[in-house]
Structure formats: structure tokens, C-alpha cells
2 protein chains.
Amino acid sequence: MVKNNREQIHHLLRNSHLSVTETRVKILELFMKSNGALEHSDFEKKLGQSFDRVTIYRTLQAFLDKGIIHKIPTTDTSVRYALCKSECSEHDHHDHHVHFKCEECGTTLCLEETDVPSIQLPKGYAVHNVEVVVSGVCKQCK
Amino acid sequence: MVKNNREQIHHLLRNSHLSVTETRVKILELFMKSNGALEHSDFEKKLGQSFDRVTIYRTLQAFLDKGIIHKIPTTDTSVRYALCKSECSEHDHHDHHVHFKCEECGTTLCLEETDVPSIQLPKGYAVHNVEVVVSGVCKQCK
DNA sequence: AATTACCTGCAACTAAGTTGCATATTTCTT
DNA sequence: AAGAAATATGCAACTTAGTTGCAGGTAATT
Ligand SMILES: [Mn+2]
Ligand SMILES: [Mn+2]
Ligand SMILES: [Zn+2]
Ligand SMILES: [Zn+2]
């Protein structure tokens, strides 16, 4: 039997020891139905003014802490967020996939199938994490 | 005969069709003597209040446009800048090296010797640029 | 030295992010 | 199912980041 979204979300939140609130459910629904990564302003736009800005900041921070979402690096000041699809948990993210930013449509995608390569650094550096962000033109825009 | 810094800077600016001004020289000197990448607040700190914030923004933007500096992606809202050591020019950056962020001291470094690997994306994506940011512990901090 | 081109500082504004605290909502306990 | 405890939210107030127009200043060109 297939769980519906609401149920999934409920379990996700409970497993992360977060209480189930309207804001959190709405934001998770947004993540689930959206194609690419989302940035803060997307939430303000898509949720209208039904939720306070501060609540959205705090919700995203909570999701990050619990390993529900991850950040994607950018060269501008925006911060992009996407759902963790692997089994991330509190303080233990392992989203070892490549991210793609389309220069045409602006969408940022998680390429779950594309692993980050291992990088050989000069002697003396300890590597903890490798982020790869590719930019170019996406399938849709070609 | 070895050129001194001032002369180098002068030539760099003239070659980029930028006039030689105090702000630009000071900011380039800062880049040259600093170890890692710099962010906007570093300039305000290190230059004191001798220059207007706006001037610093515009100076960095001009350097970016001319291929004198490049940005380094981060997962926070800060933007880091570093000198281009390869032969970048107006609207044509090619800094194909890996960046390293130390989790201990916070320094962000250009690892000029470490090339970014080529990445094989799923069919349908056109790749224009690949950014690699490694985090971990640097030589000094180990 | 004068003219032109370009750069800078200021003011005013918009957007982004943080913190403390009172109130509201959710969860736990009985 | 009701009350107590724990947690989340909204608001206000504040800080930091970034943008734009414009007047005056500095650098380059002749
Ligand atoms: Mn991702
Ligand atoms: Mn670099
Ligand atoms: Zn696209
Ligand atoms: Zn370090």
C-alpha cells in the first residue's frame, strides 16, 4: 500500500523529532512538487504572506539540521535548498551528487545519478566533503 | 628586471582599460598580499573607512567583468573573490582549478595545481563550466 | 592646461538575515 | 479528553548586504 504525501511528510517530520505543523507541511509539499532547488524568496512567493519570513528561515534551518534538506553552493548571495533523497540524518549529510545550474532557465537541479568524482589534493589537505556545481544548459532549454 | 608590485598593478589595470585609482590599487595590493580568497567585509575591515562601501562593490564588479578576479561558490550568503592567475580576460574566465575551504580557520584557497575533473552528465545537458569546492582541513591547521 | 571620460562618495532605498519575547499550537501525560 | 509541558510561530526591532541616481572629483587624452 502506497502512502500518500501527507502521510510521508508526517512520518518524515516525526522521525526527525520535529512536530507536525502547517508551515512545515506546506514547505515540504512545495519541495516535493517542485522540479529544482528552491531559494528563500520562492517560499515567500509561493506561500504568499500566510507565513512569517522568520518562520520560513527557522523552518529551513530546522530541516537542514535534521538532514531533511541540503544547501547548494552558488556564486551569488542566494542560497538554494533541495530535499535530501539519500538517507541523511541529523548532522550527517551524505548527498554525494552533482548539482546543475541552467544558465537559460535558472533552474538548479540535483543530479542524483551523477556521483561527485574523487579529488586528489596536494599533500597536507584533509578532505571532508566535495561539492560539484556544473553550469550549462538543461534538457528542457536545449 | 623584476617589476615591483605597483608597476605590475599599474599594467594590469591599464591592460584591462581601467584607470589607475587609489581604491583599485589598494584592493589589488590586498589581494596580492593575502593568502586566501577575500570577501566583501574583509575589504571594509582592512581598508578601514577610507573608502565607501559602494566604491568597493563597484571595484570588485569591475574586476570581475575584466577577468582580474573570480568568484568562489559558497553555501552561505557570502561571496568570496580571488585573483585570476591564468590569463582571463573580459567575459572570458578560465580558472579551471579546485577551491578549498578549511573548516578550522575558515580560509578559502585556490588550488591552482589541482585541475577540476571532467564530469560526465546524463544525456541532454550541455556543460559550460564546472566548479569544485572541497572542504576539510588545510595544511596549517592539521 | 583644458577637455573629456571615467570614478567616487553620499543619500536613499530594497532585500536578506537575526534575536528576544509574548502568544499560540502541538505533543505528552494522566 | 483535558491539562501540563514542550515546542513553534509572529511580531518588532535590529543588523548586514547590495543597488541606483546623481553631483562633484580625479585621471586620461589632446
Ligand atoms: Mn542535491
Ligand atoms: Mn580560484
Ligand atoms: Zn534550463
Ligand atoms: Zn585551515
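Here is how names work: the chains are called A, B, and so on, in the same order as the sequence lines, proteins then strands, and each is numbered from 1.
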Is the [atom1] atom of [X] crowded by more than 12 outside heavy atoms at less than 6.0 Å?
| X | atom1 | result |
| --- | --- | --- |
| A:E44 | CD | yes |
| A:E113 | CD | yes |
| A:Q120 | CD | no |

Checklist entry - How about B:H99 and B:E131: do any of their side-chain heavy atoms sit closer than 4.5 Å? => result yes
Checklist entry - Taking the side chain as C-beta and beyond, is there a heavy-atom pair between B:L60 and B:I69 under 4.5 Å? => result yes
To the nearest Å, give me how far apart [atom1] ([X]) and [atom2] ([N]) are.
| X | N | atom1 | atom2 | value |
| --- | --- | --- | --- | --- |
| B:E44 | D:dT16 | CD | P | 10 Å |
| B:D76 | D:dG18 | CG | P | 11 Å |
| A:Q61 | D:dT9 | CD | C1' | 16 Å |
| B:L60 | D:dA17 | CG | C1' | 13 Å |
| B:H10 | D:dA27 | NE2 | C1' | 10 Å |
| B:I56 | C:dG9 | CD1 | C1' | 12 Å |
| A:R58 | C:dA16 | CZ | P | 18 Å |
| A:Y57 | C:dA15 | OH | P | 12 Å |

Distances under 3.5 Å between nitrogen or oxygen atoms of protein and nucleotides 12-15 of chain D:
none

Below 3.5 Å between N/O atoms, which protein atoms pair up with nucleotides 28-30 of chain C? Just atom names and distances, please.
none

Checklist entry - Among residues 18-40 of chain A, which residues get a heavy atom nearer than 4.0 Å to DNA chain D? => result A:L18, A:S19, A:T21, A:T23, A:R24
Hey, is the main chain of [Y] close enough, under 3.5 Å, to the side chain of [X] for a donor-acceptor pair?
| X | Y | result |
| --- | --- | --- |
| A:R24 | A:S19 | yes |
| A:N15 | A:L12 | no |
| B:H10 | B:R6 | no |

Checklist entry - Once you round to the nearest 0.5 Å, how far does CD1 of B:I56 lie from OG of B:S50? => result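 Interatomic distance, B:I56 CD1 to B:S50 OG, rounded to 0.5 Å: 8.0 Å.
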Next on the checklist: Let me confirm one number: the CG-CG distance from B:L30 to B:L28, rounded to the nearest 0.5 Å.
Outcome noted: 9.5 Å
Checklist entry - Can you say whether the rings of B:H40 and B:Y57 are parallel (under 30°), tilted (30 to 60°) or perpendicular (over 60°)? => result parallel
Checklist entry - When all nucleic acid strands are considered with a 4.0 Å heavy-atom cut-off, which category describes A:S41: base, sugar-phosphate, or nothing? => result nothing
Checklist entry - Counting any heavy atom closer than 4.0 Å, what does A:S78 reach on the DNA or RNA strands: base, sugar-phosphate only, or nothing? => result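 Here A:S78 touches no strand at all.
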